[in-house]
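Have a look at the structure below, then the notes.
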There are 2 protein chains.
Amino acid sequence: MLTSVDPDVIRALGDPLRLRIVTLLARETLCTTHLVEETGAKQTNLSNHMKVLREAGIVETEPCGRYTYYRLKSEVLAGLSGQFAELAAAARTAAENKRACP
Amino acid sequence: MLTSVDPDVIRALGDPLRLRIVTLLARETLCTTHLVEETGAKQTNLSNHMKVLREAGIVETEPCGRYTYYRLKSEVLAGLSGQFAELAAAARTAAENKRACP
DNA sequence: CGCTGATATCAGCAAGTGGTGATGTGAGAG
DNA sequence: CTCTCACATCACCACTTGCTGATATCAGCG
């Protein structure tokens with residue numbers, strides 16, 4: 001069956017800055033301070049984006065002293081990958097399944 | 001290398017209605033009339049969403065008489081799948097790459 | 001405890017986005 | 001040719017969303 005992709009997760013990844021954050025986090029686990037340096041965004045702004053990513057279930061927080069580290073949940077990304085792969089596979093065969101004009 | 005995912009493509013897929021359209025198109029090639037029936041959306045609204053999907057390079061149009069059929073570009077979805085797979089793979093090893101607190 | 005630095009939250013504003021009705025365009029039927 | 005139907009575009013409104021400054025919270029240090 002075509003597992004339905006969760007629009008909220010995709011939505012969260014649709015923002016350029018958040019996508020950049022995800023790409024950074026795919027390389028190393030970072031805390032907010034690092035992300036502020038790397039992206040040049042204001043702390044407030046970044047905290048908002050992290051909240052979106054957190055609520056979408058894309059990242060997990062890990063407190064470390066007075067720093068909070070963000071870690072990517074690779075299962076979520078892997079799930080997305082699989083769902084898009086399914087869609088792509090289905091799309092390859094859909095070209096012949098053309099429904100007749102009404 | 002981590003191929004950077006195109007935010008515009010993801011953005012286009014982030015809307016619930018568009019995601020539903022894509023899921024429908026993954027099964028069969030349909031024209032706007034069919035999509036209006038299936039989704040219950042107004043024709044104008046649907047036309048707008050199809051424009052977004054078209055400009056994001058996710059679908060192709062194929063005129064057939066006075067009907068226009070929409071076909072999913074499976075390569076794009078496959079590309080997304082691959083890029084998310086890369087991100088997921090990188091994220092799996094990123095847990096140990098924790099940058100020191102500043 | 002009081003201070004400092006790291007984060008999160010809140011309020012407000014500007015810009016982007018989706019939905020809808022009116023209208024334009026173009027192909028096929030009569 | 002004219003009418004109809006499929007589809008696209010335009011104009012407008014409502015809502016959402018991102019960004020920012022101000023403020024709250026909370027951990028560690030002296």
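Given the structure is predicted, the values throughout are model-derived calculations rather than measurements.
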Discussion item. With a 4.0 Å limit, can you tell me whether B/R11 has a side-chain N or O closer than that to the phosphate oxygens OP1/OP2 of C/dT17?
Written reply: yes

Worksheet item: Taking atom C1' of C/dA27 as reference, at what distance in whole Å does atom OH of B/Y69 sit?
Response: 15 Å

Worksheet entry | Length of the line joining B/H34:NE2 and D/dA6:P, which is rounded to integer Å | 10 Å

Worksheet item: Which whole-number value in Å describes the distance from B/Y67 OH to D/dC7 P?
Response: 7 Å

Discussion item. Does D/dG18 have its OP1 or OP2 closer than 4.0 Å to a side-chain nitrogen or oxygen of A/R18?
Written reply: yes

Worksheet item: Going by modelled atom types, is there a donor-acceptor pair between the base of D/dA6 and the side chain of B/T68 at under 3.5 Å?
Response: no

Worksheet, complete the sentence: Taking C/dA8, D/dC7, C/dG18 as options, the one with an atom nearest any side-chain atom of A/R54 is C/dA8

Worksheet item: Donor-acceptor pair under 3.5 Å: do we get one between B/Q43's side chain and the base of D/dA8?
Response: yes

Worksheet item: Nearest of C/dG18, C/dT9, D/dT9 to any side-chain atom of A/T44?
Response: C/dT9

Item to complete: Using a strict 4.0 Å threshold on nitrogen-to-oxygen distance, state whether A/R99 and B/E38 make a salt bridge.
Response: yes

Worksheet item: Once you round it to whole Å, what is the distance between C1' of D/dT17 and CD1 of A/I10?
Response: 18 Å

Discussion item. If you define the side chain from C-beta out and look only at heavy atoms, does anything of B/P16 sit under 4.5 Å from A/R11?
Written reply: yes

Worksheet item: Looking across every strand, which nucleic acid part, if any, lies under 4.0 Å from A/T32 by heavy atom: base, sugar-phosphate, or nothing?
Response: sugar-phosphate

Item to complete: Mind calculating the distance between NZ (B/K42) and P (D/dA6) to the nearest angstrom?
Response: 17 Å

Worksheet item: Taking all atoms of both residues into account, what is the closest heavy-atom pair of A/C31 and A/Y69, and its distance?
Response: N-CD2, 3.6 Å

Worksheet, complete the sentence: Separation of C/dT17 atom C1' from B/L13 atom CG, nearest Å, is 16 Å

Worksheet item: At under 4.0 Å between heavy atoms, what does A/S47 touch on the DNA or RNA strands: base, sugar-phosphate, or nothing?
Response: base

Fill in: Non-hydrogen atoms of B/L24 and B/L35 that approach each other most closely
CD1-CD2, 4.1 Å

Worksheet item: Which is it for A/E62 and B/K98 under the side-chain contact (heavy atoms from CB on, under 4.5 Å) test, yes or no, and what are the steps along the way?
Response: CA-CA 11 Å; A/E62 181 190 336; B/K98 186 185 289 186; 2.9 Å; yes

Item to complete: Would you indicate what B/T33 reaches in the nucleic acid, counting non-hydrogen atoms under 4.0 angstrom: base, sugar-phosphate, or nothing?
Response: sugar-phosphate

Worksheet entry | Whole angstrom value for the distance that separates C1' of C/dT9 from CG of A/N45 | 14 Å

Discussion item. In this structure, how many angstroms lie between the P atom of C/dG19 and the NE2 atom of B/H49, rounded?
Written reply: 4 Å

